Amino acid sequence: MDIFNEIGPLKAFLRLKKIGFNSIGFVPTMGALHQGHISLIEASRTENSITVCSIFVNPAQFNNPADLAKYPRTLESDIVLLEKANCDILFCPETSQMYSSQSQVIFDFGKLDKMMEGHYRPGHFSGVALVVSKLLHIVSPDRAYFGQKDYQQFKIIEKLVTDLKFDVSLQCMPIKREPDGLAMSSR
Ligand code: PAF
């Protein structure tokens, strides 16, 4: 697996890979990977010639600094899981790469980001939309994979991609569950 921490070298590498009609599948994550994430990698591998995973704990989507501080960071074991799943490329940037300047961009999805989880976490979905926009620009994938567990997030990303005319096909994949039925989660 090729691992990149910086945007420029990743983009240059992907530009070369795209020559020859290779299709790119993309699985954005915040790490602490589990079987749910790996099922997204597997789906991408069956539908694309190259699979890119990103691991980035995105500060913009945490409205509580304590949650950001205690979010699990398990890069070494994540890399082991990704190699086992035959992921081709990992992008794991530092915050300074993704937010080199303080972003003033705010997204408003009307009712969609004010209800359910959005009601309890103001600004969360704007932060998700911001980082997903950046990642889609950087990776420029043919297909991007998300879990059905975060269905509200998926609908918001769907709206983002439609409104901003990103040239990517979004795939919403089935929930992976623990033996007791609970949806697998990083937290
Ligand atoms: O679902 C997640 O893990 C995150 O919200 C995402 C889509 C990777 C954006 O940071």
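In each ligand, atom 1 is the first atom listed, and ligand 1 is the first ligand listed. These figures come from a predicted structure and were not determined experimentally.
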Show me the donor-acceptor pairs within less than 3.5 Å that the side chains of residues 95-107 make with the rest of the protein, sequence neighbours left out.
from: Gln97; atom 1: OE1; to: Ile7; atom 2: N; distance (Å): 2.9
from: Tyr99; atom 1: OH; to: Asn58; atom 2: OD1; distance (Å): 2.5
from: Ser103; atom 1: OG; to: Val105; atom 2: N; distance (Å): 3.3

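- Residue Met1 forms a side-chain contact (heavy atoms from CB on, under 4.5 Å) with just one option from Asp88, Ile79, Ile89, and that option is Ile79.
- Here Phe154 pairs with nothing under the ring-ring contact (aromatic ring centres under 6.0 Å, His included) rule; sequence neighbours left out.
- The pair Glu158-Lys155 meets the salt-bridge criterion, since a charged nitrogen lies less than 4.0 angstrom from a carboxylate oxygen.
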Contacts table for ligand 1: protein N or O within a distance under 3.5 Å of ligand N or O, distances only.
from: ligand 1; atom 1: 1 (O); to: Gln153; atom 2: NE2; distance (Å): 2.8
from: ligand 1; atom 1: 5 (O); to: Gln61; atom 2: NE2; distance (Å): 3.0
from: ligand 1; atom 1: 5 (O); to: Gln153; atom 2: OE1; distance (Å): 2.8
from: ligand 1; atom 1: 10 (O); to: Gln61; atom 2: OE1; distance (Å): 2.6

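- Tyr145 and Asn48 share a donor-acceptor pair across their side chains, judged by distance under 3.5 Å alone.
- The side-chain hydrogen bond (donor to acceptor under 3.5 Å, both in side chains) contacts involving residues 159-175 comprise Lys159-Asp163, Ser169-Gln171, where partners must be two or more places apart or lie in separate chains.
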